[in-house]
A.B. asks: 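The structure that follows is given in the form of structure tokens.
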Amino acid sequence: MSSGGKADAGAQSEGKSTPEFSHRIPLAKTGRPLREHVEANAEEREGLRKRFGLLSLDRLSCTFDLKRGAENIVLAEGHIQARLEQACIITGEPVEEVIDEPFSLRFVPASEMPDDEDIDIEALLQEDADDIPYDGRMIDLGEAAAEQLALCLTPYPRRAGAGLETFVEVTPSDDELDARRDTARENPFDVLKKLRKEP
């Protein structure tokens, strides 16, 4: 699945946008299989916390196993670990979340990325690896880690006991409905009719 476009990659390469967490390595370094580990410091985590609207981000680290593919595509098998808090969608209280997941990426030169209108969504959904554009010279593992963090976040965090998970919808049976009709209160209009008949 594409996590960016040519415009995004171009803006970063021209210095118009500075990622909160950046760890760039030259393409030439991926000429042989390479393992890289990146970990966000306190300042970088604070920037990402604001970017993703988190209550806290206590840890973010990623390990990348990189190898060169065809046409300057770099294949990456990675593992992300993070510890954070999001706001409960019901109460707003902190919900702790621990992320510890593998992922697959392909770093693709921005010039080879399709334009947004040319993207085949169904084909992307069937792919195992996400495509991340780069400027053809440097790969940013820090920004790749940040994007993986965004993909791993629980979309609708709920604190245990907040209410929705204990809600059970019960549909009454026909017998229960009949019993309710038999014991229902007398129609108020019938009561008025009786009062009018009384002397």
A.B. asks: Please identify each residue that fulfils side-chain contact (heavy atoms from CB on, under 4.5 Å) with Pro26, with sequence neighbours left out.
C.D. replies: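 With neighbours one apart ignored, the set is Lys29, Met138.
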A.B. asks: Look only at the side chain of Asp140 and the backbone of Ser22, and say whether a donor-acceptor pair between them is shorter than 3.5 Å.
C.D. replies: no
A.B. asks: Going through the distances and angles, do Leu84 and Leu149 end up as a side chain to side chain contact (heavy atoms under 4.5 Å, CB included)?
C.D. replies: CA-CA 10 Å; Leu84 57 103; Leu149 172 65; 3.8 Å; yes
A.B. asks: Are any of the side-chain heavy atoms of Ser61 and Ile80 separated by less than 4.5 Å?
C.D. replies: no
A.B. asks: Is there a chain of hydrophobic side chains (I, L, V, M, F, W, Y, each step under 4.5 Å between heavy atoms) that links Leu27 to Ile25?
C.D. replies: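 Yes; tracing contacts between hydrophobic side chains, which count when under 4.5 Å, links both residues.
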A.B. asks: Hey, could you give me the CD/CG distance between Gln148 and Asp130, rounded to the nearest 0.5 Å?
C.D. replies: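 The distance works out to 5.5 Å.
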A.B. asks: So, does Arg158 use its side chain to make a donor-acceptor pair with the main chain of Cys88 at under 3.5 Å?
C.D. replies: no
A.B. asks: CG/Asp58 to CD/Glu85 distance, rounded to the nearest 0.5 angstrom?
C.D. replies: 6.5 Å
A.B. asks: Does Glu97 use its side chain to pair, donor to acceptor, with the backbone of Thr154 at less than 3.5 Å?
C.D. replies: yes
A.B. asks: Between Arg68 and Ile73, does a side chain to side chain contact (heavy atoms under 4.5 Å, CB included) hold up when you go through it step by step?
C.D. replies: CA-CA 6 Å; Arg68 184 81 66 86; Ile73 291 175; over 6 Å; no
A.B. asks: So Val38 and Leu60, side chain to side chain contact (heavy atoms under 4.5 Å, CB included) or not? Walk me through it.
C.D. replies: CA-CA 9 Å; Val38 298; Leu60 172 60; over 6 Å; no
A.B. asks: Could you tell me the separation between the CZ atom of Arg45 and the CD atom of Glu20, rounded to the nearest 0.5 Å?
C.D. replies: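 If we round to the nearest 0.5 Å, Arg45:CZ and Glu20:CD are 14.0 Å apart.
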A.B. asks: Minimum heavy-atom separation for Pro157 and Ala87, please, with both atom names.
C.D. replies: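 Looking at all heavy atoms of both residues, the shortest contact is CG-O, 3.3 Å.
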A.B. asks: Have a look at Glu36 and tell me which of Ile139, Leu141, Asp65 forms a side-chain contact (heavy atoms from CB on, under 4.5 Å) with it.
C.D. replies: Leu141
A.B. asks: Rounded to the nearest 0.5 Å, how far does SG of Cys152 lie from CD of Gln81?
C.D. replies: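 Interatomic distance, Gln81 CD to Cys152 SG, rounded to 0.5 Å: 11.5 Å.
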A.B. asks: Can you pull the ring-ring contact (aromatic ring centres under 6.0 Å, His included) pairs that have at least one residue in residues 39-74, sequence neighbours excluded?
C.D. replies: Phe64-Phe103
A.B. asks: Taking the side chain from Glu44 and the backbone from Asn41, do they hold a donor-acceptor pair closer than 3.5 Å?
C.D. replies: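 Checked: pair present.
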A.B. asks: Starting at NZ of Lys67, measure out to CZ of Arg32 and round the result to the nearest 0.5 Å.
C.D. replies: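 Interatomic distance, Lys67 NZ to Arg32 CZ, rounded to 0.5 Å: 15.0 Å.
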A.B. asks: Quick one: closest heavy-atom pair of Phe107 and Ala76, and the distance?
C.D. replies: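 The pair with the smallest heavy-atom distance is CE1-CB, 3.9 Å.
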A.B. asks: Run the numbers on Arg106 and Val74 for side chain to side chain contact (heavy atoms under 4.5 Å, CB included), then give the verdict.
C.D. replies: CA-CA 6 Å; Arg106 297 193 316 165; Val74 178; over 6 Å; no
A.B. asks: So, does Arg49 use its side chain to make a donor-acceptor pair with the main chain of Leu54 at under 3.5 Å?
C.D. replies: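 Yes, because the side chain of Arg49 sits within donor-acceptor range (under 3.5 Å) of the backbone of Leu54.
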A.B. asks: With no hydrogens and no angle check, just 3.5 Å: does a side-chain donor-acceptor pair link Thr63 and His79?
C.D. replies: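 No - no donor-acceptor pair under 3.5 Å links their side chains.
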A.B. asks: Which distance, rounded to the nearest 0.5 Å, do you find between the CZ of Arg159 and the CD of Gln86?
C.D. replies: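 Reported value, rounded in 0.5 Å steps: 14.5 Å.
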A.B. asks: Is there a path from Leu55 to Leu153 through hydrophobic residues (I, L, V, M, F, W, Y) whose side chains come within less than 4.5 Å of each other?
C.D. replies: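 Unlinked, Leu55 and Leu153 end up in two clusters.
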